[in-house]
Structures are given as C-alpha cells and as structure tokens.
Amino acid sequence: MADRASANTPVLGAIEAGGTKFVVAVGNGHDIIVDRVSIPTTTPAETLDTVVKWLRGHDPVDAVGISCFGPVDLDPGSPEWGHITATTKPHWSNTDIAGIIGAAMACPVGFDTDVNGAALGEYAYGAARGCNVAIYITVGTGIGGGAIVDGKVVYGSGHPEMGHIPIVRHPADGEYPGCCPFHGDCLEGLASGPAIEQRWGKTLSQMGRNSAAIEVIADYIAQLCITLVALYAPQRIVIGGGVLQAPGLLDHIRASTRRRSGAYWDLDETHLIVAPALADLSGIAGAFMLAQAQISSER
C-alpha cells in the first residue's frame, strides 16, 4: 500500500457513518471530492455491503477514514478497536465497522467518532479555525459531542458522551419519559430527533420557529452548552445535525444559554455558539483527515 500511495497522489475514501445515513466520498481531501453518495442506514450487512460496492467502483483507494456514530471502541490496543459498542441504533451494537471496511478494501483505515471527525474538520477548515479549545455537537438521530484542545481530540478512558448527560426538565415538557434505552430522559432521550417526533408527532422544523417545542429543545441544548462553558471554557461551540435545520433554533439556543449563564460568565453567545462553516461536510472533512493520517504513517 505504501508503494501505491507514494507513486501517485493518494486516493482517499471518507465515510461519515450516521444513524440515518452513511455519506461516502472519494478524493484527495475535503477540498477535492471526486464523487460522493448518501446511503440509508439500514442493517449492518446491507449498509456496509453497499458502501463497499460503491468504494470498489473507485478503486484503487489507498486509505479510508471513518467518522462513525457511537459509542465506539477507540483503544488501539483493544481487540474491539473499530467496533460500534452498545449503541441505541437497533442491530448495530458490536459491529466491527473498521474491520469490515478495511478487509473489503484491502487498505488501512482511520477510525473515530462522527463528532470527533466533525470537530477535526471544523477545527482544520471551518468555524473552529484558530481556536485553542473548540467543541462540536451534533443533534440529530442521536446527540453527541467532540472536543478539540490545542489541536488534539480529547480522549481518556473512552470518548466523551455529551449526549447522555442528565439535565433539568423544562416545566413545559410534561411527563414524557425519554427515548434513550439506557438512561431514559438524558439529553439525547429528550432532545434528539426521535424524542421530538415521539412526543409532538412532527419534526421541529414542521412546528415553526416560535413553537413551545422549540423553546423546550433550545433550553435542553443550552444546558449542554453552559455545562461545556463551565468544563472547557471553549472559544467556539459548533452545533450541527438534522435537528439544527429548524428555523430559529440556533438563536433560541443562544438566548437560552445567555439566560442560563446567570451573569456568571460574560458570554458573547453569537460568536461562541455557531453553525458549522462546512455545512454538511464537517464529518467528511474529518474522515478525509483520518484517511490522510494513515497514508502519512506509512511513509
């Protein structure tokens, strides 16, 4: 693989593996995407087979980077490295996604969470450029977050699970128990896309920018933002994902974060809390970086 990659400009594969869809791309990096496709997330066998067939149509691919929904095992010394672990996505727990892709494509694979990949992309090329501390949050089928400190993704005993923090119930939220099978009414259990549709019967975008629902969801996401301010003192919190397509939600989150600061922090919430500069390519940009790192390590 090293000889093939060094002979010509490497061809990189990038996968943003989400709970609703897999976005797959090939190119030389985030700025040179030769082709891209969106594949529905169904069962592991069906989805990964479709991904492999599409990538093989662009052979030779010298390395693949995967930004994957989680939780996942990122410990390079673990026999479960590259696996999705106990996920809320039906059928996907214990799937060896990195191993399957690597074996099928016969190339090295870089692997990280979807939010860490998006955080890398926004840090290198997007809204978090120049920041010493930045957070990327996604709010969609699930909720997750990745942190960048001094240019490096934050890891520890595992990767952060920002979507599963406990939060204070909004008084207008009623008795909805939450949809997280592990924690019930954690942040993801109350503010993810499925949680919204289960209790209001429609998406946040369908309800309008001044609905009671948007106030509730904004308050929950603001609780995460103010927690991150307390823990990390970030210069930027980038929030993406399908739920954030709802008109006015970002402004509501900023206002709720300002209220929850309690005058303790002097926040400039307009510059602190922003949309992704790379739009829907944040995760793909990060996946290309993961793939490029594999090529660089071989040289």
Side-chain angles (χ1 to χ4, degrees), residues 16 18 30 67-72 74 112-167 186-188 190-192 217-245 249-261 264-287 289-290:
E16 183 181 17
H30 85 287
S67 300
C68 184
F69 71 91
V72 297
L74 299 178
D112 212 321
T113 67
D114 53 352
V115 285
N116 282 347
L120 283 170
E122 289 292 328
Y123 172 79
Y125 309 110
R129 291 184 71 176
C131 294
N132 294 325
V133 181
I135 313 290
Y136 182 92
I137 300 168
T138 187
V139 185
T141 304
I143 297 178
I148 302 281
V149 176
D150 292 333
K152 296 181 179 180
V153 176
V154 172
Y155 304 106
S157 59
H159 55 82
E161 282 288 357
M162 300 180 190
H164 291 278
I165 64 169
I167 55 176
C186 63
L187 176 62
E188 181 172 296
L190 292 178
S192 63
I217 299 305
D219 179 67
Y220 290 154
I221 300 171
Q223 290 187 50
L224 173 58
C225 289
I226 208 67
T227 298
L228 294 172
V229 168
L231 293 175
Y232 286 98
Q235 294 144 307
R236 199 83 75 242
I237 300 174
V238 184
I239 311 182
V243 172
L244 264 291
Q245 300 303 308
L249 178 58
L250 189 62
D251 288 334
H252 281 283
I253 293 169
R254 288 167 171 160
S256 293
T257 302
R258 165 61 67 179
R259 287 194 297 271
R260 284 196 168 273
S261 71
Y264 188 81
W265 292 278
D266 183 19
L267 299 179
D268 181 355
E269 64 274 9
T270 302
H271 291 93
L272 171 67
I273 302 170
V274 300
L278 301 181
D280 61 348
L281 290 178
S282 305
I284 283 293
M289 293 172 68
L290 295 172

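Please read these numbers as outputs of a predicted model, since none were measured by experiment. One is the number of the first residue; the rest follow in order along the sequence.
Taking each heavy atom of His252 and Ala218 in turn, the nearest pair found is CB-CB, 3.5 Å. Nearest heavy-atom pair across Ala119 and Gly146 is CB-O, 4.1 Å. Nearest heavy atoms, Pro276 versus Gly240: CG-CA, 3.8 Å.
Two residues are said to be in side-chain contact when any heavy atoms from C-beta on lie closer than 4.5 Å; Thr141 and Ser192 fail this criterion. Looking at Ile137 and Leu228, their side chains come closer than 4.5 Å, going by heavy atoms from C-beta outward. Contact of the Leu281 side chain with the Tyr125 side chain is not registered, since no non-hydrogen atoms from C-beta on lie closer than 4.5 Å. Within the 4.5 Å cutoff, side-chain heavy atoms of Thr257 are placed close to those of Cys225. Contact check for Thr113 versus Tyr155: no side-chain heavy atoms found under the 4.5 Å cut-off. In this structure the side chain of Phe69 never reaches within 4.5 angstrom of the side chain of Glu16, judged on heavy atoms. Between Val139 and Ile221 there is a side-chain heavy-atom pair separated by less than 4.5 Å. The shortest side-chain heavy-atom distance between Val274 and Ile239 does not fall under the 4.5 Å cut-off.
The main-chain N or O of Leu278 is found under 3.5 Å from a side-chain atom of Glu122 such that the two form a donor-acceptor pair. Between the side chain of Glu188 and the backbone N or O of His164 there is no donor-acceptor pair closer than 3.5 Å.
When Val72, Leu74, Leu290 are each tested for a side-chain contact (heavy atoms from CB on, under 4.5 Å) with Asn116, only one passes: Leu74.
Looking at residues two or more places apart in sequence or on another chain, you find a side-chain contact (heavy atoms from CB on, under 4.5 Å) between Leu190 and Ile167, Arg169, Asp173, Tyr176, Asp185, Arg199, Tyr220.
Note that the CD1 atom of Ile143 and the SG atom of Cys186 stand 8.0 Å from one another [nearest 0.5 Å]. Note that CD1 of Ile237 and CZ of Arg254 are 11.0 Å apart. Values are rounded to the nearest 0.5 Å. In this structure, the separation between CE on Met162 and OH on Tyr136 is 12.5 Å, given to the nearest 0.5 Å. Of the inter-residue distances, the one linking Asp266 atom CG with Ser261 atom OG reads 8.5 Å to the nearest 0.5 angstrom. In this structure, Gln245 CD and Asp280 CG are separated by 8.5 Å, a value rounded to the nearest 0.5 Å. Note: Asp114 CG to Ile284 CD1 = 11.5 Å, rounded to the nearest 0.5 Å.
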So Ile226 and Trp265, side chain to side chain contact (heavy atoms under 4.5 Å, CB included) or not? Walk me through it.
CA-CA 9 Å; Ile226 208 67; Trp265 292 278; 3.8 Å; yes

Evaluate the criterion side chain to side chain contact (heavy atoms under 4.5 Å, CB included) for residue pair Ile217 and Ile253; output intermediate values, then yes/no.
CA-CA 8 Å; Ile217 299 305; Ile253 293 169; over 6 Å; no

Which donor-acceptor pairs under 3.5 Å do the side chains of residues 126-135 make with protein atoms, sequence neighbours left out?
| residue | atom | partner | partner atom | Å |
| --- | --- | --- | --- | --- |
| Arg129 | NE | Ala124 | O | 3.4 |

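A salt bridge links Arg260 with Asp219: the closest approach of a Lys/Arg side-chain nitrogen to an acidic carboxylate oxygen falls below 4.0 angstrom.
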